Amino acid sequence: MMMDIFMRRQALILGTLSLVTIVVLWQLVVDFGIVNPFFISTPGAVWQEFLVQLNDGSLLTNILATLYSFALALGLAVAVGIGLGMLSGWFQDVEAALEPFIWFKYSAPTVAFYPLFIAWLGYGTPTIVAIAFLFALTPIYANTLSGIKNVDRDLKRAAISFGARPYDIFFRVALPGSVPVIVAGLRLGVGRALTGVVVAELFGANAGLGYSIAYYAQMLQTNRMMVPIVAVILLGVILTQALSYVEKKTDAWRVTHDN
Amino acid sequence: MAMVATSARDTGKTGTAKAWRPARSTIVSIVSVAVFFILWQVAPDLGWVNGRFTSQPSQVFLAAIEVLLNDDFFYHARISLTEFFLGFALALVVSIPLGVLLGTSQTARYLIDPPLMALYIAPTLVLLPILVVWLGIGMASKVAVVFLGALFPIVVNTMAGMREADPKLIRAARSFGASRLDVFVRILVPGSLPSILTGIRLAVGRAVLGVVVGELFVSQAGIGYQLNTYGSAMRIDRLLVYALVVSAFGYTLTVLVRALEGRVRTWRPE
Amino acid sequence: MAEIEIRNLGIDYRKPNSDELFAAVDNVNLSVGEGEFVSIVGSSGCGKSTLLLSVAGLVKITRGSITIGGKTVTGPGPDRAVVFQDASLLPWRTVLGNVRFGLEMQRWTGGDLTKQAMSMIKLVGLARFADYYPHQLSGGMRQRVNIARALAVDPEVLLMDEPFGALDAQTREIMGGELLRIWESDKKTALFVTHDIDEAIFLSDKIVVMGRNPGHVKEVITVDLPRPRTPEILDSERFTEFRRRLRAHLAADMAGMHFMEEAA
């Protein structure tokens with residue numbers, strides 16, 4: 001127990017130490033003239049720029065724009081992914097019918113079809129949402145499918161022995177049993193939806209973190225560019241951690257039975 | 001152990017015919033793909049959709065022949081492949097030793113874990129614009145993007161593989177007088193191989209994505225460049241040919257790594 | 001008339017990855033009277049679980065018939081309830097939720113579900129643990145929940161498939177006593193599969209000894225030890241005599257010898 005606390009504290013101390021070291025090194029290599037600040041900016045300059053973008057509201061606007069597309073895309077992916085995943089997990093024929101397309105989706109980088117979406121939907125939110133939707137769909141679908149399909153045989157048999165109908169088995173055994181797997185799929189989906197939004201915004205948008213990264217890059221303004229880059233990384237970490245937390249909660253009953 | 005007649009799936013399969021017949025799921029899959037292609041082919045002809053936006057399988061097929069014969073296809077493919085393999089090779093060289101270090105040294109793990117995890121979770125593709133600023137619009141920036149995309153999955157999975165090693169096995173080996181090196185070579189490496197391959201498989205996906213995104217973002221040549229060109233020219237047929245080439249490439253590599261993974265994993269229970 | 005009547009029962013399985021059939025159970029005849037506690041013992045692979053699950057209606061019958069109270073078994077029914085091995089509790093439901101589960105599945109109409117479930121939880125001695133999840137309980141407690149779930153639907157026949165198979169020897173003995181106490185409260189017809197000889201003798205009115213290849217009934221032994229039984233009986237001379245007879249049967253089966261012993 002004491003050891004555990006010590007270990008955790010050690011992890012925290014060393015982790016913080018490493019982040020601080022990175023920031024200090026970053027500042028020093030510029031101060032000592034080893035690297036031109038044009039390329040990597042400096043922590044101080046990024047902080048200044050952060051305050052500027054915070055005060056003129058552009059940072060918030062961009063974050064909200066990205067989150068808006070993200071929420072739309074994730075919502076769609078959750079609805080379609082869980083819906084189709086449940087159908088496929090329950091009806092073998094549906095799974096077989098969708099499988100070739102899912103295999104294709106697994107291996108094809110969705111972005112390769114980006115120009116196609118531009119042709120269909122034009123530049124802007126619809127294309128961004130469509131790309132991010134396709135990014136997030138696969139893990140959500142795949143996890144829901146496997147959760148429903150691999151319903152615990154012992155539990156299914158016990159339910160049947162009490163006269164459960166297929167309807168009961170789906171809603172009372174397969175679905176609740178799949179919740180942890182589905183949430184794990186959501187966690188993956190969240191990360192991929194964010195990647196999808198930001199990548200699509202890099203290519204063409206009029207707001208959003210990806211857009212502002214690409215915009216400042218074109219202006220060759222490294223200081224300004226660093227602010228949305230850090231924002232995206234933090235957003236990714238926060239969203240994924242939040243889902244990991246939910247995952248642990250829903251997974252609480254899954255402690256292994258050992259005797 | 002008892003077989004349980006629990007659902008309609010188990011029933012309806014009677015008889016003892018020895019002749020090979022395709023499984024029902026195979027037939028359903030084939031029918032489903034066939035229906036998709038037929039719909040795609042006839043929908044524009046019947047005026048259900050605008051063929052200018054969807055193209056047709058027959059057109060894509062013809063475009064594929066054209067592209068392969070005279071579209072500098074191999075020139076662009078070579079550029080993209082070079083970017084891919086250079087970036088990937090660099091990633092392998094860096095990530096596996098790094099993963100081994102992190103998996104075997106707790107101090108190193110505590111030091112590097114927070115930034116590493118942040119970059120593993122966060123979309124590394126956001127670094128693309130800054131890489132372009134640093135390295136220019138040529139191949140170097142794509143190599144870097146591939147490198148960054150492939151790096152983290154391999155590091156994280158190598159680390160996990162090293163840490164997964166069964167402490168009981170290590171203790172047993174130690175009891176027979178194995179040195180640290182022995183433990184590493186005979187227990188940690190074979191034990192973590194499946195996990196490393198999983199990392200490589202994930203990395204393949206991210207690396208292919210990196211090449212395409214990098215070239216779509218800004219480039220003068222490569223498959224992504226061609227995708228952009230035909231996208232803006234509304235040549236959907238050729239656009240699809242290039243997109244399919246990328247997909248086929250990603251698919252083939254993934255299947256290869258998966259097969260390797262399967263072979264390495266055979267001695268392991270699920 | 002017998003409560004459970006098994007006539008010329010045969011069950012074929014398909015061998016994995018082939019179309020060949022093999023008989024898991026063949027030519028089984030067995031009658032169990034109302035209120036009787038009958039154990040089925042035999043070495044592994046003798047089809048004792050298959051036999052029990054076929055009475056539960058969970059395994060398809062190839063030949064012969066099974067009737068319960070005169071009605072032919074075609075599938076699971078509310079007249080029977082099964083106590084399974086360890087892993088069959090819903091891990092995301094509490095003890096109460098799990099005991100309610102069977103009632104919910106049967107669309108129970110005999111009054112308040114929770115009240116019925118709670119009274120069974122009390123019967124198995126888990127009243128304090130009604131809000132616990134399975135992973136918070138010990139193996140023995142989980143099997144009490146399993147028994148409560150089966151009893152809650154008030155079946156005519158209680159079927160138990162090695163319910164204590166996953167427990168350690170000591171817990172197993174305690175659970176055997178507990179099961180007997182619970183069973184004696186209303187003496188339901190019970191069919192109990194086990195590979196533990198002492199457990200079978202301690203609990204049963206009759207013991208069905210099964211042999212392998214294909215699974216068949218070798219002998220039915222009547223255990224006429226007086227009830228109610230206490231652990232002291234385990235050391236009695238008559239108990240030891242039953243143990244010796246059963247051991248001889250099972251040892252013969254282990255050695256692959258198929259001889260019918262007609263001991264007195």
Side-chain angles (χ1 to χ4, degrees), chain A residues 10-11 13-19 22 39-40 92-93 95-101 103-104 106-116 118-120 153 156-157 160 166 191 194-195 198-199 202-203 209-210 213-214 216-218 220 222 225-226 228-229 232-237 240-241, chain B residues 4 6-7 9 24-33 36 53 106-107 109-115 117-119 121-123 125-130 132-134 205 208-209 211-213 216-217 223-224 227-228 230-232 234 236 239-240 242-244 246-248 250-252 254-255:
Chain A
Q10 193 189 7
I13 292 170
L14 287 177
T16 317
L17 197 71
S18 84
L19 287 177
I22 289 173
F39 285 117
I40 62 166
Q92 262 190 335
D93 285 348
E95 187 198 357
L98 290 178
E99 198 174 57
F101 302 100
W103 259 108
F104 179 74
Y106 255 123
S107 46
T110 313
V111 213
F113 296 87
Y114 174 78
L116 194 64
I118 293 297
W120 288 347
R153 288 181 57 114
K156 189 171 163 186
R157 191 173 67 177
I160 289 171
L194 186 68
T195 307
V198 175
V199 165
L202 285 180
F203 294 146
L209 291 169
I213 295 169
Y216 293 129
Q218 265 168 6
L220 298 176
T222 338
M225 189 163 65
M226 282 296 184
I229 286 181
V232 170
I233 292 176
L234 284 180
L235 212 55
V237 172
T240 310
Q241 287 304 315
Chain B
V4 187
T6 46
S7 74
R9 287 173 196 171
R24 182 189 169 91
S25 62
T26 316
I27 299 172
V28 173
S29 295
I30 291 170
V31 169
S32 151
V33 173
F36 173 77
F53 287 104
Q106 200 175 51
T107 313
R109 190 158 61 243
Y110 285 158
L111 266 177
I112 306 184
D113 210 34
M117 276 302 156
L119 287 173
I121 293 169
L125 285 170
V126 297
L127 298 174
L128 176 62
I130 200 164
V132 173
V133 171
W134 292 348
V208 174
L209 187 68
V211 172
V212 179
V213 171
L216 278 176
F217 184 62
I223 302 283
L227 283 168
N228 245 350
Y230 292 122
S232 32
M234 279 297 285
I236 304 294
L239 169 67
L240 284 173
Y242 278 99
L244 290 174
V246 177
S247 305
Y251 177 79
T252 313
T254 309
V255 167

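What you see is a predicted model, and the numbers here were worked out from it, not measured in a lab. Note on naming: letters A, B, ... go to the chains in the order of the sequence lines (proteins, then strands), and numbering restarts at 1 for each one.
For A:Glu95, the side-chain hydrogen bond (donor to acceptor under 3.5 Å, both in side chains) partners are A:Lys149, not counting sequence neighbours. Partners of A:Tyr114 by side-chain hydrogen bond (donor to acceptor under 3.5 Å, both in side chains), not counting sequence neighbours: none found.
For B:Arg109, no part sits under 4.5 Å from any heavy atom of chain A, backbone or side chain. In this structure, chain A has no heavy atom under 4.5 Å from any part of B:Thr26. B:Leu209 touches chain A through backbone and side chain together, each having a heavy atom under 4.5 Å away.
Across A:Val199, A:Val111, A:Leu234, the residue that shares the most heavy-atom pairs under 4.5 angstrom with chain B is A:Val111. By number of non-hydrogen pairs under 4.5 angstrom with chain B, the leading residue of A:Ile213, A:Leu17, A:Val198 is A:Ile213. Considering only heavy-atom pairs separated by less than 4.5 Å from chain B, the leading option among A:Leu98, A:Ile40, A:Asp93, A:Thr16 is A:Asp93. The candidate with the highest count of non-hydrogen atom pairs below 4.5 Å against chain B, out of A:Ile118, A:Val237, A:Thr222, is A:Val237.
Listed here is the closest heavy atom pair of B:Val28 and A:Ala97: CG1-N, 3.7 Å.
In this structure, B:Ile112 CD1 and A:Ile22 CD1 are separated by 9.0 Å, a value rounded to the nearest 0.5 Å. With rounding to the nearest 0.5 angstrom, the OG atom of B:Ser247 is 15.5 Å from the OH atom of A:Tyr106. Note that CG of B:Leu227 is 8.5 Å distant from CZ of A:Phe113, once rounded to the nearest 0.5 Å. Note that CG of B:Leu111 and CD1 of A:Ile13 are 11.5 Å apart. Values are rounded to the nearest 0.5 Å. Atom CG of A:Leu235 and atom CD1 of B:Ile121 lie 12.0 Å apart (nearest 0.5 Å). To the nearest 0.5 angstrom, B:Ile130 atom CD1 is 10.5 Å from A:Phe39 atom CZ.
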